[in-house]
Amino acid sequence: MHHFQSLKVNKVIKETNDSVHISLEIPESLRHEFQFQQGQYLNVRFDMNGEDLRRSYSIVNAPSEGNSELEILVKRMENGVVSSFLNQKLKEGDYIEVLAPQGHFYTNFHPSNQKTYVGLAAGSGISPVLSNLKEALYQEPKSIAFLFFSNKRTQDIIFKKQIDELVHRFEGRLKVVYLLSREKHEENDLFEGRISNDKIDALLNCFTEIPVTEATYFICGPSEMIKKSSEFLKKEKKVPSLQVLYEYYAAPDDEENAEKSEEFKKIPNIESFVTLIIDDDEYSIHLNSKKESILDKALKENLPVPFACKGGVCCTCKAQVMEGEVFMEKNFALTEEEVERGLVLTCQCHPTTNVVMLSYDV
Ligand code: FES
């Protein structure tokens with residue numbers, strides 16, 4: 001199902017100087033469609049002066065907190081048309097066009113587990129990390145969690161009140177360290193600065209109750225921080241890959257502006273006939289393998305294809321290859337296992353056979 005639904009804005013709360021916390025009402029009739037997992041995100045659509053703008057925002061709340069509302073945090077971005085609108089103009093009672101929750105930045109919790117979870121978050125990256133840690137604490141009474149959360153100054157700490165309440169509520173099971181990059185800490189400079197590999201190392205050495213190779217890590221923040229810290233945990237700290245979960249909001253800087261890869265240059269220059277299955281309907285497009293992506297061509301032809309970031313990050317445009325072969329330029333969203341199963345991000349796909357069939361109904 002790729003239909004946008006109109007959801008009513010229940011609350012708009014100014015969280016910090018440049019972010020708002022928005023609650024959307026999920027009516028009884030849509031509760032099934034909008035069931036969610038901790039750490040998933042919502043795609044929202046806006047028509048701004050005739051332009052179809054899409055954005056993805058992580059869900060902040062946890063499934064155990066109920067299913068009548070979905071909460072998101074929107075940080076105002078410099079020159080961000082949508083984020084500025086949501087921060088400055090959105091009000092209670094307005095309606096927003098939203099797709100059902102998506103994403104796989106989560107692990108499955110079980111009440112019998114006795115595990116340790118570590119959240120590494122920076123700025124607005126807190127949303128999906130907090131959702132995961134909350135769900136772990138609600139669902140697994142014997143598990144404990146740590147949150148290392150970096151912001152610029154005390155007044156910039158997103159959800160500080162809520163996090164402090166959780167520390168109180170889950171006394172002894174949730175430890176939080178607020179790292180501040182532009183404020184001095186009176187007692188310990190370990191709590192100053194950003195999340196870097198050295199900082200993670202120092203924190204893990206300080207909190208000796210964290211079983212480093214057995215813990216599960218949730219990481220979200222700037223792309224470079226995600227890339228470096230996830231590699232550090234896997235390569236230097238020997239944490240198994242399945243225990244290092246992360247969610248990109250944007251492609252890493254070096255990838256975003258990268259030239260076409262050598263692999264892309266090697267794909268055959270062919271004309272291809274591509275069939276797309278979208279909500280049980282079939283559509284056909286013709287395109288050249290070296291020109292625009294399958295998604296871009298489909299959008300040019302006004303087909304109802306799902307998309308948001310167009311950068312290989314959000315996973316909204318994913319489809320299953322049913323016939324033929326494609327080349328995927330970038331992928332920051334699908335797991336290795338999903339790629340092996342034949343899932344692809346159509347915003348990054350170019351056909352490499354004359355006939356291709358993709359299904360968005362996955
Ligand atoms: S539209 Fe976001 S990954 Fe393709």
Side-chain angles (χ1 to χ4, degrees), residues 1-4 36 39-48 51-59 72 74 77 80-83 97-106 124-125 127-128 220 222-223 226-227 245-258 260-261 263-264 274 276-279 283 285 287 289 291-321 326-351 356 358-362:
M1 291 277 283
H2 303 106
H3 302 302
F4 281 86
F36 70 107
Q40 287 193 306
Y41 61 86
L42 297 178
N43 276 314
V44 295
R45 176 174 72 181
F46 296 89
D47 182 346
M48 296 216 168
E51 204 182 340
D52 179 349
L53 298 177
R54 316 241 175 147
R55 297 291 183 271
S56 306
Y57 296 108
S58 288
I59 298 168
I72 54 172
V74 179
M77 310 303 287
V81 185
V82 173
S83 66
E97 298 276 290
V98 186
L99 270 185
Q102 297 179 61
H104 43 62
F105 179 51
Y106 61 84
S124 58
S127 301
C220 190
S223 310
I226 296 174
K227 194 176 174 189
L245 286 74
Y246 46 84
E247 177 86 330
Y248 278 105
Y249 281 170
D253 292 347
D254 55 340
E255 303 274 358
E256 200 163 24
N257 302 315
K260 293 283 183 205
S261 68
E263 284 83 25
F264 178 79
V274 180
L276 302 175
I277 302 170
I278 309 165
D279 292 332
Y283 304 86
I285 51 175
L287 76 160
S289 59
K291 292 195 176 148
E292 71 268 74
S293 69
I294 290 175
L295 180 87
D296 279 338
K297 181 69 178 176
L299 288 172
K300 250 189 206 168
E301 308 225 348
N302 292 321
L303 302 188
V305 277
F307 73 96
C309 75
K310 289 194 187 173
V313 173
C314 74
C315 214
T316 309
C317 66
K318 83 174 170 201
Q320 174 81 46
V321 178
V326 297
F327 172 78
M328 191 162 47
E329 284 192 79
K330 295 178 201 157
N331 170 28
F332 306 104
L334 296 172
T335 62
E336 279 172 32
E337 186 261 12
E338 286 176 314
V339 174
E340 268 167 33
R341 276 198 283 128
L343 288 174
V344 290
L345 302 174
T346 54
C347 69
Q348 300 299 316
C349 271
H350 298 265
V356 168
L358 301 175
S359 172
Y360 283 90
D361 297 347
V362 287

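First listed ligand is number 1; within each ligand, the first listed atom is number 1. Keep in mind that what you see is a predicted model, and the values were worked out from it rather than measured.
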Quiz item: Does A308 come within less than 4.0 Å of ligand 1, judged by its heavy atoms?
Solution: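 So A308 counts as touching ligand 1.
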
From [atom1] ([X]) to [atom2] ([Y]), nearest 0.5 Å:
X    : Y    : atom1 : atom2 : answer
K318 : L358 : NZ    : CG    : 14.0 Å
S359 : I277 : OG    : CD1   : 4.5 Å
C220 : L245 : SG    : CG    : 11.5 Å
F105 : I59  : CZ    : CD1   : 13.0 Å

Quiz item: Relative to ligand 1, is V313 under 4.0 angstrom through side chain, backbone, both or neither, heavy atoms considered?
Solution: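 Contact part for V313 vs ligand 1: backbone (N, CA, C, O).
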
Exercise. Quick one: look at C315 and ligand 1, take heavy-atom pairs under 4.0 Å, and tell me if it's side chain, backbone, both or neither.
Key: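 Looking at C315 and ligand 1, just backbone atoms fall under 4.0 Å.
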
Quiz item: Between atom 4 (Fe) of ligand 1 and C309, is there an N, O or S atom separated by less than 2.8 Å?
Solution: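 Checking atom 4 (Fe) of ligand 1 against C309, no N, O or S atom falls under 2.8 Å.
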
Quiz item: Near atom 4 (Fe) of ligand 1, is there an N/O/S atom from C317 that is less than 2.8 Å away?
Solution: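 True for C317.
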
Quiz prompt | Flag if over 12 foreign heavy atoms under 6.0 Å of CZ, F36 | solution =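 Yes, enclosed.
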
Exercise. Give the residue, atom name and distance (to 0.1 Å) of the protein heavy atom nearest atom 1 (S) of ligand 1.
Key: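 Closest protein heavy atom to atom 1 (S) of ligand 1: K310 N, 3.2 Å.
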
Quiz item: Counting from 1, what ligand 1 atoms have a heavy atom of G312 closer than 4.0 Å?
Solution: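 Answer, ordered by atom number: 3 (S).
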
Exercise. Check each atom of ligand 1 against the heavy atoms of C347 and keep those under 4.0 Å away; list them by number with element.
Key: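 Numbered from 1, ligand 1 contributes 1 (S), 3 (S), 4 (Fe).
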
Quiz prompt | Over-ring placement of K330 relative to F332, 6.0 Å and 45° cut-offs | solution =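 No, K330 and F332 do not form such a contact.
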
